[in-house]
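I have placed the structure first, in the form of structure tokens, so that the comments after it can refer back to it.
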Amino acid sequence: MNYEQAKNVALRNGEQVVPTVCGMCGPGGPGGGCGIYAFVKDGRFVRVSGMDESPVNRGGVCAKGHAAPQWVYSPERLTHPLRRVGKKGQGRFEQISWEAAIEHIADTLARQKAKYGAESLAILSPAKRAYSEYLQRFLTVHGSPNYGHSGICVMQRAFAFMYTLGDWPRPDYEQGDLIIYWGRQPIFSGPVARPARAFLSARQRGARIVAIKPSVEPDAGMADIWVPVRPGTDAALALAMLHVVIGENLIDQAFVDTWCYGFKRLKSHVKQYTPEWARQICGVDSGQIVQLARWYATTPRAVIDIGNGLEHAPSASDAIRAIAMLMAVTGHLDRPGTNLFVPAPRAAPRGVALKERYDKDLIDKLVGPEFPSIFQPFLEGPSSAYYRILESVVTEHPYPIRAIIAPGTQPSVSTRGTKTVLAALQKLDFFVTVDVARTAEMNFADVVVPVATSYESGHPYHMAPGWLMATNRVIEPLGEYKSTFQFFLELADAMGYGNDFWGGDIDAAMDDLLEPLDLSMAELMSKPHGIAGKPGPPTYEKYQQTFSRLSPAIGHAPFLPQGKIALYNTTFEAAGFNPLPAWREPPESLTATPELADTYPLILSDYHTSKSFSASWQRNVPHLREIEPEPILHIHPDTATERGIQENDWIRVSSLHGFMKVRARLYHGIRPDTVMVLHGWWQGCKELGLDDYPLADGGANVNVMYSVDQEKAYDPLITAMSSQTLVQVERWEDR
Amino acid sequence: MGQTGMEYLIRFEAERCIQCHGCETACKSWRGLEPGVRYRRVFNIWHGQYPLITSSSLSLSCLHCVEPSCAAACPEGAIFKEPEYGMVHVDEAACSGCGVCVEACGYGVPQITGDGVMRKCDVCIDHEAAGEAIEVPPCVDTCPGTALILERVDRSEKVRHERLIQKLYGETRSV
């Protein structure tokens, strides 16, 4: 509804209406950045409606957005900081004040810094949130490079794209006649936001839509063509498409001649990757591979939108690079209806990260570089892979991390290798959790810092393309806590870093950061639906400037040393990596480890988005939990029937590495050789009488199922931990 | 009767539904529904078989049928077709919670709530009449694809929509 309607509803109901930004999902965060009207009755946040005026969601709100009041008032919320008094894992805490918590953490970090060096502190990054840059800033000032990025999301695509094309080209959904969603979920990742609406409008325009993924979700279900690829084999598919496009000479010769480097070497390299070769690996009919390659190459307005599904395999960088090369050799770049180079906004708030302070000394201290050190810092600053940080606690290699802060992230369910994670948390010197509610591994924390939801904060501003909006405070905090932003500002101030942290004053921070826009936070807050900007007219074929960009790595070498697209990558070659994209098997697969197939005949992978929850959060919210009450495994009915499994049976899913207890969902839209489960299950829902699940074996945490073998489970360039393995599925018998 | 023969309808257009469940949750939140009570439900529908398989969605609430079988079956006479908007109305005082309507409805719509009364979608009209402002039914207001549209239509159009939904609902249960 619009603001007038919202005010009218509030007036008639004796409520207040607060225009703000939704805080329920990750990307713009905390919050996907949808505009909402929040209604408050007698001081209580009661419900939400979508803000028509927001260009992000134009009045739409998803299930998560509407469930916000239940999340805010959940019995799982924490109201006071806690200090552990019992043994780790036991769950015995004493209540302490906010100030005492800050002081205790500051003292401990200062002592550890003096004894072990600043790099002994790591902060685990959640999915990209509005506070992510503040974590980077804190670490930089403290002197540690160990920002624990997931190693499985977004930056993996960014890295492979930037070092191949000099940019991450965005799909022109509005003008494409062929739209290929590849490992992408345009709906659940933000059902009311632009990608979902673009999906619908493209269908209505009559664009041909192709979905490449192992199972059918509502997006693939509404596509014209589903390409049922085996999990983790996208690189093989993309390489075979390159084989067809180049072999059949369906390329844009003029573009290749002018703007691509190393075409001849790519051409001879991809001769080996025939569609028949790819069929055996990725399970897609070779005729379909040929047809898809031809369609893409010969449709002048064709886009590829790749998603997080491609970032979870040892060949993830190769898959993304090969797809970037498909765009390049067919000339589908920065032309109408293709993948576009979208310039950064001319005016933006001041950056929070202190990029000018990054130097080689800092980079050299990375405990487990997410990208090889020579390519650090990357776009978001220096980063260690999330899992490698935890692993270092156990292996003490190259040195042990001594303190971990986990703000809005749950290591035992968010990353692979749960057993290593739990061992690390048992051994770790100092562990601080910072979250709005009880977390999976809270009982291992030395200090538990509860924080405000965005509905209780009053900051920050939210900037989406074409929209700047204040996150207005809906209600006062429900307990003795502040926001995640304030936690880091006040901790920094307590450690003597106040000069770099606005003296610990969040209001001063907001005004300072908005200053380049000639705007104060108070002025922004006075605008009930923020400031909407009009996009400039599109500009095309910005090749020269895009291909000459400098990287953020120390020394600022250009992303593309030849000033051309790197089909043959001399930068990677010089650093000891493969200059051409190749195929690497997952640790276990039907083609890599056929000897396992007798015992474990099915491929397992997992979904990272769902319509109901944000990652491993929000299973405690009744409205959402009613949509997906229990962890279910998608299994084809034929595969289930062979095993005597019926709908909703409890089943045991076992791999070489662990086992899960979940329910069977007989699912017609999945490859019969593959089963899939949603990741992030651990939490119960008190209101619905649902208990927690075990974090390790016998629970529903898919992370226990995968290999974390250092030699096999990672993409060598971009970390990208494997989320594929082989499993057996059988009816659950209590043993 | 305002417009003779014109009835309220929340039209569902399957082509525009992305199965986000926003409507279902908006309804629960705005109407303060207790756990387990669902005025609106979202379903997945399969078409075809692997690998040539597609899917679509259905968002379903009370259709306020032109000839409601729940009203015909109610032993208390607590369910009736309200004349002004064509709504199927429940007289909560007369409802015994016997559940005969649940069996009679072809769509699984009637919900017996904790206090033993049948409740269901009232197009938010009763709710407005009881003094709680809503403006637009939240299911309609929230839908990102405008798959739900509030309309007033004549009875023949309403019957046509009803048949379409009947077909889709049948398909939700076919596999």
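Just so we're on the same page: letters track the sequence lines, and every chain starts at 1. Please read all numbers here as calculations on a predicted model, not as lab measurements.
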- Item | Region of B:N44 in contact with chain A, defined by heavy-atom distances below 4.5 Å | neither
- Message: Are more than 12 heavy atoms, taken from residues, nucleotides or ligands other than B:E103, located less than 6.0 Å from that residue's CD atom?
- Response: no
- Heavy-atom pair of closest approach, residues B:Y50 and A:H668: CB-O, 4.0 Å
- Query: Given that the side chain runs from C-beta out, which part of A:V46 has a heavy atom under 4.5 Å from chain B: side chain, backbone, both or neither?
  - Reply: backbone
- Query: Quick one: are A:R203 and B:E15 in side-chain contact, heavy atoms under 4.5 Å?
  - Reply: yes
- Check whether any side-chain heavy atom of A:R12 lies under 4.5 Å from a side-chain heavy atom of B:E132, and answer yes or no. no
- Message: Given heavy-atom pairs under 4.5 angstrom as the criterion, report whether the side chain, backbone, both or neither of B:P138 touches chain A.
- Response: neither
- For chain A, find which of B:C20, B:A26, B:C17 contributes the most heavy-atom pairs closer than 4.5 angstrom. B:A26
- Message: Measuring only between side-chain heavy atoms, which start at C-beta, is A:E626 closer than 4.5 Å to B:E24?
- Response: no
- Smallest separation among heavy atoms of B:S55 and A:V216, with atom names: OG-CG1, 3.9 Å
- Which atoms of B:S56 approach chain A - backbone, side chain, both or neither, heavy atom under 4.5 Å: neither
- Does the side-chain contact (heavy atoms from CB on, under 4.5 Å) test come out yes or no for A:I627 and B:T25, once each step is laid out? CA-CA 9 Å; A:I627 299 170; B:T25 312; 3.7 Å; yes
- Less than 4.5 Å apart, any side-chain heavy atom of B:S29 and any of A:H623? yes
- Query: Highest number of heavy-atom pairs under 4.5 Å with chain B: which of A:M1, A:H66, A:K64?
  - Reply: A:H66
- Of the listed residues (A:R197, A:Q204, A:H636), which shares the most heavy-atom pairs with chain B below a 4.5 Å separation? A:Q204
- Query: Can you find a heavy atom in the side chain of A:S49 that is under 4.5 Å from one in the side chain of B:T142?
  - Reply: no
- Message: Measuring only between side-chain heavy atoms, which start at C-beta, is B:I18 closer than 4.5 Å to A:P218?
- Response: no
- Below 4.5 Å, heavy atoms only, C-beta onward: do B:I134 and A:V9 meet side chain to side chain? no
- Message: Working to the nearest 0.5 angstrom, can you tell me the gap between B:H21 NE2 and A:C62 SG?
- Response: 11.5 Å
- Task: Would you please test B:I53 and A:W226 for side-chain contact (heavy atoms from CB on, under 4.5 Å) and show each step?
- Result: CA-CA 8 Å; B:I53 187 164; A:W226 173 40; 3.6 Å; yes
- Query: chain B: which of A:G50, A:G59, A:P186, A:A6 shares the most heavy-atom pairs with it under 4.5 Å?
  - Reply: A:G59
- Considering only heavy atoms, which portion of B:L52 lies under 4.5 Å from any heavy atom of chain A: side chain, backbone, both, or neither? neither
- Query: Does the side-chain contact (heavy atoms from CB on, under 4.5 Å) test come out yes or no for A:Q5 and B:V136, once each step is laid out?
  - Reply: CA-CA 9 Å; A:Q5 288 174 310; B:V136 187; 4.2 Å; yes
- Item | A:A220, part contacting chain B, at a heavy-atom distance under 4.5 Å | neither
- Task: Could you have a look at A:L666, A:I187, A:N57 and say which one has the most heavy-atom pairs with chain B under 4.5 angstrom?
- Result: A:I187
- Part of B:Q19 lying under 4.5 Å from any heavy atom of chain A: both
- Item | Best-contacting candidate, A:M222, A:R47, A:R58, against chain B by heavy atom pairs under 4.5 angstrom | A:R47
- State, with a plain yes or no, whether a side-chain heavy atom of B:W30 is found less than 4.5 Å away from one of A:F39. yes
- Query: Using non-hydrogen atoms only, which part of A:I670 is less than 4.5 Å away from chain B: side chain, backbone, both, or neither?
  - Reply: backbone
- Query: When you look at CD of A:E647, are more than 12 heavy atoms from neighbouring residues, nucleotides or ligands closer to it than 6.0 Å?
  - Reply: yes
